[in-house]
J.: 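Before anything else, here's the structure in question.
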Amino acid sequence: MRNEDIDGRLHGPQPHAGPQEPLLLRLVYMLIIYFMIGIAQTVLGVATVVQLIIMLLNHRKPNDRLADFGTDLGIWIAKAARYQTAASEVKPWPWTELD
C-alpha cells in the first residue's frame with residue numbers, strides 16, 4: 001500500500017459527522033471505543049507474533065495479507081484516537097465505513 005493512500009485514509013475528506021451529539025452520549029461512545037482499542041491492541045500483538053513466525057519460516061518474507069491487515073488496523077486505531085481526543089467528530093468503524 002502506498003503512503004499517499006494511507007495519508008488520504010487518515011487525513012482525507014471525512015464523512016459529515018452530523019449534528020453535534022450531547023456530551024454524555026459522546027462519553028458513552030468514548031468508553032465503547034476505549035474497550036475496542038484494547039481489543040485492537042491484543043489483535044495487533046497476536047498478528048505481530050504470527051507475522052514474525054511466518055517471516056522466520058519463510059526466509060524473512062512477510063505475509064502480504066497480514067501486513068495489509070496491520071495497516072488497516074493501524075488506520076482504525078488512529079481514527080479511533082482522533083475521535084477520543086476530539087481531533088475529529090467522525091466515529092470509527094462500525095459507525096462509519098471501514099474504508
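Small disclaimer: the values here were computed from a predicted structure and weren't measured.
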J.: Restricting to pairs with a member in residues 77-99, which pass ring-ring contact (aromatic ring centres under 6.0 Å, His included), not counting sequence neighbours?
T.: Tyr29-Trp95
J.: Quick one: side-chain contact (heavy atoms from CB on, under 4.5 Å) partners of Gln51, sequence neighbours excluded?
T.: Ile54, Met55, Pro62, Asn63, Leu66, Ala67
J.: Apart from Leu24 itself, what residues make up its hydrophobic cluster, given side-chain heavy atom links below 4.5 Å?
T.: Leu27, Leu31
J.: Transitively linked via ILVMFWY side-chain contacts under 4.5 Å: Phe69 with Val46?
T.: yes
J.: When rounded to the nearest 0.5 angstrom, what is the spacing between CG in Leu57 and CG in Leu52?
T.: 9.5 Å
J.: If hydrophobic clusters are built by linking Ile, Leu, Val, Met, Phe, Trp and Tyr wherever their side-chain heavy atoms come under 4.5 Å apart, do Ile32 and Ile77 end up in the same one?
T.: yes
J.: So, using side-chain contact (heavy atoms from CB on, under 4.5 Å) as the criterion, who are the partners of Leu44 when residues are at least two apart?
T.: Thr48, Leu73
J.: Identify the heavy atoms of Ser88 and Arg26 that sit nearest to each other, and give their distance.
T.: O-NH2, 3.7 Å
J.: Hey, quick one: are Ile39 and Ile33 part of the same hydrophobic cluster, counting side-chain heavy atoms closer than 4.5 Å, chains of contacts allowed?
T.: yes
J.: Taking side-chain contact (heavy atoms from CB on, under 4.5 Å) as the definition, give me every residue that meets it alongside Ala81, ordered by chain and number, with sequence neighbours left out.
T.: none
J.: Tell me whether the count of non-hydrogen atoms from other residues, nucleotides or ligands lying under 6.0 Å of CG in Leu23 goes above 12.
T.: no
J.: Can you tell me how far apart CE (Met30) and OG1 (Thr85) are? Round to the nearest 0.5 Å.
T.: 8.0 Å
J.: Run Thr96 and Lys79 through side chain to side chain contact (heavy atoms under 4.5 Å, CB included) and show every step you take.
T.: CA-CA 11 Å; Thr96 57; Lys79 287 183 175 184; over 6 Å; no
